[in-house]
Each structure stands twice: as structure tokens, then as C-alpha cells.
Amino acid sequence: RAKALFPLNNPSQLVYKDETGEIILTITVDYSYDGDYPVSASVIAVSTIDGQSDVFTVTFNYLTQS
């Protein structure tokens, strides 16, 4: 069921709000592509509650079936 909450394509931004509609967290994703598929992504998460930000780097590995 949680999978249904995410888009089918590569999301570029997620905005989380509390029950009153106030934004509490914004996540921005910037992808690097090799052809049609992303090979890496830079993820930045910024909290509006405490102003803290975190940066992550994600590397994608694709398996091929033989």
C-alpha cells in the first residue's frame, strides 16, 4: 500500500505537511542520467521545523537478466 503513495516515475520533489497543512519537510532530488536511466541522484532534505538539512548521494545499480 505504501508503494501507491509514490509516483511511477522518478520523483524530483516530495513535500511533507502536518495535519494543519504546514510544510514540515521538503525533499529535492536531482538525477544524473546515462541514456534513459538514472545512474545517480543527489537528495537534499530540508526541515522547516528546525532548519536542519541533510544531503545524500544515491547510486543506482541495474541487474540484467540473462
Side-chain angles (χ1 to χ4, degrees):
R1 293 183 186 248
K3 186 177 180 180
L5 298 174
F6 290 98
L8 296 176
N9 296 318
N10 301 330
S12 60
Q13 185 177 52
L14 300 167
V15 177
Y16 290 94
K17 299 179 180 180
D18 65 11
E19 59 277 353
T20 64
E22 184 177 339
I23 296 173
I24 57 173
L25 181 68
T26 302
I27 300 173
T28 306
V29 185
D30 183 31
Y31 297 93
S32 295
Y33 288 86
D34 181 17
D36 292 333
Y37 299 98
V39 292
S40 65
S42 174
V43 182
I44 301 172
V46 179
S47 170
T48 58
I49 295 174
D50 59 10
Q52 183 176 350
S53 63
D54 295 304
V55 178
F56 305 92
T57 301
V58 180
T59 303
F60 301 96
N61 294 306
Y62 298 96
L63 302 176
T64 57
Q65 291 182 322
S66 17

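- Between Y37 and V39, every side-chain heavy-atom pair lies at or beyond the 4.5 Å cut-off.
- Scored by the side chain to side chain donor-acceptor pair (under 3.5 Å) test, T20 finds D18 as partners (sequence neighbours excluded).
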Side-chain donor/acceptor pairs under 3.5 Å, residues 22-36, sequence neighbours excluded:
| unit_1 | atom_1 | unit_2 | atom_2 | d |
| --- | --- | --- | --- | --- |
| Y31 | OH | P11 | O | 2.7 |
| Y33 | OH | N10 | ND2 | 3.3 |

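- Scored by the side chain to side chain contact (heavy atoms under 4.5 Å, CB included) test, Q52 finds D50, D54 as partners (sequence neighbours excluded).
- V58 and V46 fall into different hydrophobic clusters, where Ile, Leu, Val, Met, Phe, Trp and Tyr side chains are chained together by heavy-atom contacts under 4.5 Å.
- In the hydrophobic cluster analysis, where Ile, Leu, Val, Met, Phe, Trp and Tyr join through side-chain heavy atoms closer than 4.5 angstrom, V43 is grouped apart from V15.
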